[in-house]
2 protein chains.
Amino acid sequence: MFPSAVVAKESQLGRSENDHVITRPSLMKELAAQGVRMTAQRRLLVEIIQNARRHLDAAKLLELAQKQEPEIDRATVYRTLALLKDRGLIDELDLMHLEGEKHYYEARTNRDHCHMACFRCGAIMEFVSTLFEKLKREMAKQSDFQIRVVRLEVGGYCQKCRKEGK
Amino acid sequence: MFPSAVVAKESQLGRSENDHVITRPSLMKELAAQGVRMTAQRRLLVEIIQNARRHLDAAKLLELAQKQEPEIDRATVYRTLALLKDRGLIDELDLMHLEGEKHYYEARTNRDHCHMACFRCGAIMEFVSTLFEKLKREMAKQSDFQIRVVRLEVGGYCQKCRKEGK
DNA sequence: ATATGTGCAAATCTTTTGCAAATTC
DNA sequence: GAATTTGCAAAAGATTTGCACATAT
């Protein structure tokens, strides 16, 4: 879905054929369902996040929002991100801190997925697997832990970069 | 190994019986093997990290180090952490940002493991599983990606907190 | 009308950096 | 002795906050 994304096929059978397709439920609908008060700025930010072609950090989100609403402030961006995160509607990522300590955000997807970051070219690949689902179930069961958020990030070297010599 | 750690037993057979035991190779030996120049302060910091009973952040590491060497500076702590991280000898964790944006560090272990953080009580549990190993192999194979670092963090509610009512 | 959201500017928190002095091999 | 490491103090980067004003229901 994101330009640099590579979504792997299912590694095991037993589920629907489209299990490996990542979909992003409507944030606006979720917010409405949760009775969250909506403002013009929230609508704008949510729309940008929902339709982002890549992972956004707060500064980039602000920049994009200001193109349509120059008055919007950094604080509003951070406050809206906090709101969405608290409601479980977006996920916060580090993407291996390839460039600084900032965070990246993406709308929650129907399935948890892993982010693989290439230390050399910076490509971010997404990976979906039933093994991941199994692992989550195992963790929840064995530790009797109610999982709310999962973040699996991998850093290393992608195929392309390794071919080009390390 | 850490006080709040709960290390799960193997979920599947087929490996050595002690596969689920987490061990921490000697950082000092690794550094020597890699020909890293050692100084008194590095030795001190490395020793503290190696023997830490819990996950340390930079400020806590500095505090502990200053008990033995009051002259040691923040910058040295950060520079040493960067060195160890670059050499692949320590892992950097967020622990779900339960308290602020700081990072936590732990000596690399013989096996990758997941950190589960309780949003309510702050307990950190460690979880080892062959499923995790399988998942890593699957990611590496299917994406032809050379994995160097893996970070799996889970946030949610632990058994104890759920029993006490949410 | 009341509760909630927003802009602004300043503060906070964590981490990084330039440089002269000290240390290691 | 040459190269590397350290302390210091300042800077940088990301995120948060107090408060007066604006907006949503």
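Here is how names work: the chains are called A, B, and so on, in the same order as the sequence lines, proteins then strands, and each is numbered from 1.
A close approach under 4.0 Å does not occur between any side-chain nitrogen or oxygen of H103(B) and OP1 or OP2 of dT14(C). The side chain of R42(B) contributes an N or O atom lying less than 4.0 Å from OP1 or OP2 of dT5(D). Note on Y78(B): a side-chain N or O is less than 4.0 Å away from OP1 or OP2 of dT15(C). T76(B) has a side-chain polar atom (N or O) that falls below the 4.0 Å cut-off from OP1 or OP2 of dG7(D). The phosphate of dT6(C) has OP1 or OP2 within less than 4.0 Å of a side-chain N or O from T39(A). Within the structure, a side-chain polar atom (N or O) of Q41(B) is placed less than 4.0 Å from OP1 or OP2 of dG7(D).
In this structure, D86(A) places its CG atom 10 Å from P of dT16(D), rounding to the nearest Å. We find that CD of E69(A) is positioned 13 Å from C1' of dA22(D), with the value rounded to whole Å. One atom, CG of L61(B), and another, P of dT15(C), lie 11 Å apart when rounded to the nearest Å. Atom CD1 in I72(B) sits roughly 11 Å away from atom C1' in dT5(D) (whole-Å rounding). Remark: C1' of dA12(D) and CD of E99(A) are 16 Å apart, rounded to the nearest angstrom. In this entry the distance linking NZ of K102(A) with P of dA12(D) reads 17 Å, nearest Å. Residue D73(A) contributes atom CG, which lies 13 Å from atom P of dA10(C) at whole-angstrom precision. Distance, E63(B) CD to dC13(C) C1': 16 Å, rounded to whole Å.
Listed nucleotides: dT15(C), dC19(C), dG7(C). Nearest to the side chain of R79(A): dG7(C). Nearest to the side chain of R37(A), among dG7(C), dG7(D), dG5(C), sits dG5(C). Closest to the side chain of Y105(B), from the set dT15(C), dT23(D), dT6(C), is dT15(C). When distances are taken from the side chain of E71(A) to each of dG7(C), dA14(D), dC8(D), the shortest belongs to dG7(C). Of the candidates dT15(C), dC8(D), dC19(D), dT15(C) carries the atom nearest the A58(B) side chain, counting heavy atoms from C-beta on.
Along DNA chain C, the nucleotide nearest G100(B) and the nucleotide nearest M38(B) are compared for position; the residue whose nucleotide lies closer to the 5' end is G100(B). For A40(B) and V36(A), each mapped to the nucleotide of DNA chain C holding its nearest heavy atom, the one lying further toward the 5' end belongs to V36(A).
No hydrogens or angles considered: nothing links the side chains of H115(A) and E153(A) as a donor-acceptor pair under 3.5 Å. A side-chain donor from one of H97(A) and H103(B) sits under 3.5 Å from a side-chain acceptor of the other.
Side-chain contact between L98(B) and F119(B): present, with at least one pair of heavy atoms (C-beta onward) separated by less than 4.5 Å.
Counting all heavy atoms, side chain and backbone alike, L45(A) lies closest to A65(A) at CD2-CB, 3.7 Å.
The line from OH of Y105(B) to CG of L84(B) is 10.5 Å long, rounded to the nearest 0.5 Å.
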For this session: Dump the intermediate steps for side chain to side chain donor-acceptor pair (under 3.5 Å) on S129(A) and E138(B), then the final yes or no.
Result: CA-CA 9 Å; S129(A) 164; E138(B) 183 191 56; 2.5 Å; yes
